[in-house]
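Counting starts at 1 for both ligands and their atoms, following the listed order.
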Amino acid sequence: MIVASMVDVVKRYGKLQALDHVSLSIRKGEILGLLGPNGAGKTTAIRVLAGLIGADSGEIMLRGERQDVNNIRLKQHMGLVTQEVTIFEELTAEENLRFFGGLYGVKGELLRRRVKETLEFVGLSEYAKKEPGKFSGGMQRRLNIACALVHSPDFLIMDEPTVGIDPQSRNYILESVRCLAQNGTTVLYTSHYMEEVQAIADRIVIMDQGRVIADGTLEELIGRIQHEETIRITVTNPSSALTESFRAIQGVKTVTQKGADYTIVSGASSGNLNRVLAVAQQSGGVSNMAADKPTLEDVFLTLTGKKLRDGEASA
Ligand SMILES: Nc1ncnc2c1ncn2[C@@H]1O[C@H](COP(=O)(O)OP(=O)(O)O)[C@@H](O)[C@H]1O
Ligand SMILES: [Mg+2]
């Protein structure tokens, strides 16, 4: 089931086309990773999807209804973790949560319970009575996430929730996102860190310069760019007969030998890893073996001709 979708959405800021006919959809219970460099249009896409700003054209659907800036009811099912931390530094952690819960109409005993649960969920129970002004960046981010969860949304949108924080808080947040998804929450997770998206997303949408340039599971995206498979293997008994045996495996394109080290290149998805291993084992044994696996970075590089990290000067 599709929880949210954008079809052919255009959004301009003056002359700049921040969203250039963007289409994407988010399925119930999945973590959709929205990946792209700074300025790609991720935050704009989120603002339009959440109904914070209007689109110039195109259609935004949520739970089968048309989203627009005046649709308050749709917003109640949604939690939004903004890119900038939006908490009150002079209120305690607990008061922040009571405030945001109240905005969504949660009150009384339910509010009390949700405040306690969400603080626990983000690991800040001990700091309930403390003011976040003195929190570390990671703790502030975790409180920011709690504020978006206190009303139990079934669709959570997170805009770069791990920028500029310590690895421990980052892992905590990634674990929390997994946990939410396991419990049925649909998550749109936005980041320019490909490792994060690669680690937690069920499906990935890659944006660049206002456009969606790829959409699929990690395997699909990699399969699309991968034309060859490279296996490196070190054998105990190198011989020219072994080289010939490797060459005879179906799908193998080239075999190069340097002493005991062989590099075997096959066509994409040849599934030759096991065959190569079996042939090598028959001829005496294997002391080392590795297969080169492309990453999302390679996908981005192939599709755009530039590195995802370009433009991220000193971060
Ligand atoms: N309020 C705004 N007014 C004018 N230009 C904007 C505004 N917000 C974003 N932009 C521009 O739109 C493009 C997309 O920005 P944004 O959606 O923030 O990208 P991302 O979140 O992927 O970094 C960028 O070129 C940015 O400078
Ligand atoms: Mg952004």
Sub-4.0 Å atoms of ligand 1 with respect to non-hydrogen atoms of A18: 12 (O)

P37 contact mode with ligand 1 (heavy-atom cut-off under 4.0 Å): backbone

Sidechain-backbone polar pair: R47 side chain, I53 backbone, donor-acceptor under 3.5 Å: no

Test: E297 and K307 ion pair at under 4.0 Å: no

Pair D202 + R27: basic N to acidic O under 4.0 Å: no

For N38, atoms of ligand 1 separated by under 4.0 Å from a heavy atom: 23 (O)

Axial cation check for Y193 ring with R170, 6.0 Å and 45° limits: yes

Identity and separation of the nearest protein heavy atom to atom 15 (O) of ligand 1: T44 OG1, 4.0 Å

Any side-chain donor near an acceptor of the partner, T234 and D261, under 3.5 Å: yes

Identity and distance of the protein heavy atom lying nearest atom 18 (O) of ligand 1: T43 CB, 3.7 Å

T190 N/O/S atom closer than 2.8 Å to the Mg ion (ligand 2): no

Atom 14 (C) of ligand 1 - nearest protein heavy atom and its distance: G39 O, 3.4 Å

Contact (N/O only, under 3.5 Å) between K42 and ligand 1: yes

Contact check: T43 to the Mg ion (ligand 2), N/O/S below 2.8 Å: yes

CA sep, side-chain torsions, deciding dist, call: Q198, T295, side chain to side chain donor-acceptor pair (under 3.5 Å): CA-CA 8 Å; Q198 186 154 347; T295 65; 5.0 Å; no

Taking atom 1 (N) of ligand 1 as the reference point, the nearest protein heavy atom with its distance: Y13 CE2, 3.7 Å

E95/R98 ion pair, N-O < 4.0 Å: no

G210 to ligand 1, any heavy atom closer than 4.0 Å: no

Nearest protein heavy atom with distance in Å, relative to atom 19 (O) of ligand 1: G41 N, 3.1 Å

Carboxylate-amine/guanidinium proximity below 4.0 Å for D159 and K42: no

A40: numbered ligand 1 atoms lying under 4.0 Å from its heavy atoms: 19 (O), 20 (P), 22 (O)

Atom 26 (C) of ligand 1: nearest protein contact (heavy atom, Å): L16 CD2, 4.3 Å

Whether Y127 and F135 hold their rings parallel, tilted or perpendicular, with breakpoints at 30° and 60°: perpendicular

